[in-house]
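Below, chain A is the first sequence line, B the second, and so on; all start at residue 1.
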Amino acid sequence: MKYTEVRELLEALCGKGGVSGNEDDAAAFACGLLSKYMPASTDALGSVTGRKGEGSGIILDAHIDRIGMIVTAVKDDGFIKVAKVGGTDSRVITGAKVTIHGKEDLFGIVTSTPPHLAKKDSDAKAPSFDEIFIDTGLGKKAKDIVSPGDRITLNGSFLSLLGSRIASPCVDDRAGVAAILRCLQLLEGKSTCPIEVIFSAQEETGGSGAEAGVYNFASGTAIAVDVTFASAPGVSSEKYGSLGDGALVGIAPSLDYNMSKELLALAHKHGISAKPEVMGGRTGTNCDEIQTLRGGIKTALISIPIRNMHTCVEVCELADIEAAAELMAQYILERSGENA
Amino acid sequence: MLELVKELCSLPGISGREDKVREYIISKIDGFCEYSTDNLGNLIAFKKGKMPAKNKVLIDSHMDEVGFIVTGITSEGLLKFANVGGIDTGVFLGRNVTVGEKGIPGVVGLVPVHLVDKDKEDCIPPKDELYIDIGAKDRDEALEHVSPGDEVCFESDFREFGSGFICSKAIDNRAGCAIMIDLIRSELDYDCCFSFSVQEEIGTRGAQASAFSINPDYAIITETTTAADLSGVEGEERVCVCGEGPAVSFMDRATVYNKDLYRRALEIAREKGIKAQTKTRVAGGNDAGAIHKSRGGVKVLTLSVPTRYLHSPGCVCRYDDIESTRDLVKEMAAEFAVC
């Protein structure tokens, strides 16, 4: 099986919870993995941060939080009301199997409207988050375990598709976390410039984690790794990358153009699959927060293309994560050489 | 019987592709009855009771489940598909499925919500825009693993949860199959016929043929039916309620039931201390629709396990309702055998 390291990292990371603002178990797990390479801890907002070396070097960012839902009320009959956290897609919610992270983890299923009660256009319109309930099968006893504020993750399995493609919930952005950890693995035993790593909290709810976490770093250069759209029916291959394209290097007015060009040149030089991904303004990633921190940080974006973003079946190609890891490693080695 | 339900629900068996379900059932009933498979694939069994029956009684459950069938493969290696049976699109967007006899894993893909026009964000995409992604790079790679005509099932993911509930695909109607297997393996007072029928979900086609062959006087259809006992749904709109035993039908969209049989079922349930309830809406339909007009007519009774979220990857019912349904089916079969 190819890309064993990346597969193992991603599968383990995707198995964790970590809905925005409550990244605890995912953050603790990622912190453990990062500690193999550098001292790491969790900061005030729940982001995992680590630093290897003193002084200015490079910042690597990926977000550890995932989209989901939050309990807003437990009704007297035990059915649970929710709101979405981040851009959870209402079209895939009906009948979804979920885990409610209450006093204990609890299985639940999102109710669907029986045919005789459905509005005429129910097959055309998805319910809003206000209209749905979660059924725990516990009746009134649900109140003993579930409270408002508890986070809810959408269930899904880590599915091995053909070749080295996989489908799973929260590939966004555990793929980025896996890429950074793989990059650090590739750099093991090599002398590098200082590396500062953040697995940021709360990206899906606006980027607070990166904004607060990177503030404490010393470097003036950053690479964020996130996911982007992969071509599929209805998603143009001219406008977006495709599965198997490798690392997609962002080019945008808000990104450092020289870094983008250098990353693409390095990919070419070392035979790493990569393609440019051009955006017209900001990027919709943590780069937007990181760029303007303190007196400004030169920021680059590496994206991993996925299909079905913000569903339980985000499909990615493991080779693309490996390419992102290799490209970051080469960039760091190049910088380290210059500094030496 | 819980183990039977679990194993049956986990088997793939869309309409017309019930083979694996039938093989499993045969492995469980072999030695307990006489059985044969007819031209359509119905598994017809005859179980001798302690006494001969005055009337010929048939118990029927369908083996098939709703799902999909691969209709074609795009140049990108994605599978186009058609529904087999009635399924709302909303319940399978972004879900895991298995394709073909080998059970190749795949997912139902859709355009990410970020790229959908603002006014379409809550619109369920039309079926012809959907596809199944098995990770193939192109059509040739896909064709190495799947072909048009391959069956597609929801991923099997059986679980017990809550207070005595189970959640799985295909509870409709493997619950009924489990009940019939359990009855065949138990001792019956009177002779009884059983039909594990095919193709219910595309219009009760199997039962039409098996009822003709069996030629019963009475038939008990063992099914699942909508339980709408959800938050904010009151009274008869709930159709039936989980935990209150089998739902007894007086009428649905395919059958007007024999009134005496309907009343008798509720009476006997009360006499024997078995939970049972009236199905309070005229909705749905099942094999009774085909069986009641077989040959010169058959008196029919439907007893259904109340089930939430029918025809979805996560049907939900209570295990004790399956047990109550079995108990009442057994009582009614004995009742009809000698009435």
Problem set entry | Distance-only donor-acceptor check, side chains Glu201(B) and His311(B), under 3.5 Å | yes

Exercise. Of all of Val313(A), Val235(A), Leu243(A), which one pairs up most often with chain B through heavy atoms under 4.5 Å apart?
Worked result: Val313(A)

Exercise. Will you find, in the side chains of Thr99(A) and Asn155(A), an N or O donor that is under 3.5 Å from an N or O acceptor?
Worked result: yes

Problem set entry | Any Glu314(A) side-chain heavy atom under 4.5 Å of Val227(A) side chain | no

Problem set entry | Structural part of Ser312(B) lying under 4.5 Å from a heavy atom of chain A | neither

Seminar exercise, completed: Bottom line for Val108(B): the part with an atom under 4.5 Å from chain A's heavy atoms is backbone

Exercise. Does a side chain donor of either Thr302(B) or Ser249(B) reach within less than 3.5 Å of an acceptor in the other side chain?
Worked result: no

Exercise. Could Lys97(A) and Phe107(A) be counted as a cation-pi pair, given that NZ or CZ must be under 6.0 Å from the ring centre and within 45° of the axis?
Worked result: no

For this session: Would you please say whether a donor-acceptor pair under 3.5 Å links the side chains of His310(A) and Thr88(A)?
Result: no

Seminar exercise, completed: Filtered by a 4.5 Å non-hydrogen cutoff, the part of residues 89-96 of chain A contacting chain B is Asp89(A), Ser90(A), Arg91(A), Val92(A), Ile93(A), Thr94(A), Gly95(A), Ala96(A)

For this session: Verify the distance criterion only: is there a donor paired with an acceptor across the side chains of Lys80(B) and Thr71(B) at less than 3.5 Å?
Result: no

Problem set entry | Pairs of heavy atoms under 4.5 Å with chain A: top-ranked of Ile134(B), Asp157(B), Leu310(B) | Ile134(B)

Exercise. What part of Arg95(B) lies closer than 4.5 angstrom to a heavy atom of chain A: side chain, backbone, both or neither?
Worked result: both

Seminar exercise, completed: Applying a strict 4.5 Å limit to non-hydrogen atoms, the region of Ser157(A) in contact with chain B is both

Seminar exercise, completed: When the 4.5 angstrom heavy-atom criterion is applied to Glu121(B) and chain A, the contacting part is backbone

For this session: Report the C-alpha distance between Ser237(A) and Ser231(A) in whole Å, list the side-chain angles of each, state the deciding distance to 0.1 Å, and finish with yes or no for side-chain hydrogen bond (donor to acceptor under 3.5 Å, both in side chains).
Result: CA-CA 5 Å; Ser237(A) 61; Ser231(A) 66; 5.2 Å; no

For this session: Would you mind checking which part of Glu317(A) comes under 4.5 Å of any heavy atom in chain B, side chain (CB onward), backbone (N, CA, C, O), both or neither?
Result: side chain

Problem set entry | Separation between CG of Leu159(A) and OG of Ser168(A), rounded to the nearest 0.5 Å | 9.0 Å

Problem set entry | Side chain, backbone, both or neither of Glu237(B) within contact of chain A (heavy atoms, under 4.5 Å) | both

For this session: Taking atom types as modelled, find out whether Thr285(A) and Asp226(A) have a side-chain donor-acceptor pair closer than 3.5 angstrom.
Result: no

For this session: Please work out whether the ring planes of Phe81(B) and Phe92(B) are parallel, tilted or perpendicular, with thresholds of 30° and 60°.
Result: perpendicular

Exercise. Does any heavy atom of chain B fall under 4.5 Å from the side chain of Asp77(A), the backbone, both, or neither of them?
Worked result: side chain

Problem set entry | Choice from His114(B), Arg318(B), Glu155(B) maximising heavy atom contacts with chain A below 4.5 Å | His114(B)

Seminar exercise, completed: One should read off an interatomic distance between Asp128(B) CG and Leu130(B) CG, to the nearest 0.5 angstrom, of 8.0 Å

Seminar exercise, completed: Greatest number of non-hydrogen atom pairs under 4.5 angstrom with chain A, of Asp133(B), Thr74(B), Thr226(B), Val316(B), falls to Asp133(B)

Problem set entry | Residue Leu78(B) versus chain A: region with a heavy atom under 4.5 Å | side chain

Seminar exercise, completed: So, the part of Tyr131(B) with a heavy atom under 4.5 Å from chain A: the answer is side chain

Exercise. Is chain A contacted by the side chain of Cys167(B), its backbone, both, or neither, given a heavy-atom distance below 4.5 Å?
Worked result: side chain

For this session: Drop me the distance from Arg7(A)'s CZ to Ile321(A)'s CD1, to the nearest 0.5 angstrom.
Result: 10.0 Å

Exercise. Between His145(B) and chain A, which part of the residue has a heavy atom less than 4.5 Å away: side chain, backbone, both or neither?
Worked result: side chain

Exercise. Regarding Ser20(A) and Arg151(A), is there a side-chain donor-to-acceptor distance under 3.5 Å anywhere?
Worked result: no

For this session: Quick one: which of Val91(B), Val116(B), Leu230(B) has the most heavy-atom pairs under 4.5 Å with chain A, could you say?
Result: Leu230(B)

Exercise. Looking at Ser112(A), Gly234(A), Gly78(A), which one has more heavy-atom pairs under 4.5 Å with chain B than the rest?
Worked result: Ser112(A)

Exercise. Cut-off 3.5 Å, side chains only: do Lys279(B) and Thr225(B) have a donor facing an acceptor?
Worked result: yes

Problem set entry | Between Val111(B), Leu115(B), Val239(B), the one whose heavy-atom pairs under 4.5 Å with chain A are most numerous | Leu115(B)

Problem set entry | Partner chain B: residue of Ile166(A), Thr311(A), Thr136(A) with the largest heavy-atom pair count (under 4.5 Å) | Thr136(A)

Exercise. Can a salt bridge be assigned to the pair Asp172(A) and Arg66(A) using a cut-off of 4.0 Å between side-chain N and carboxylate O?
Worked result: no

For this session: Considering only heavy atoms and a distance below 4.5 Å, find which of Gly284(B), Gly94(B), Gly77(B) pairs most often with chain A.
Result: Gly94(B)

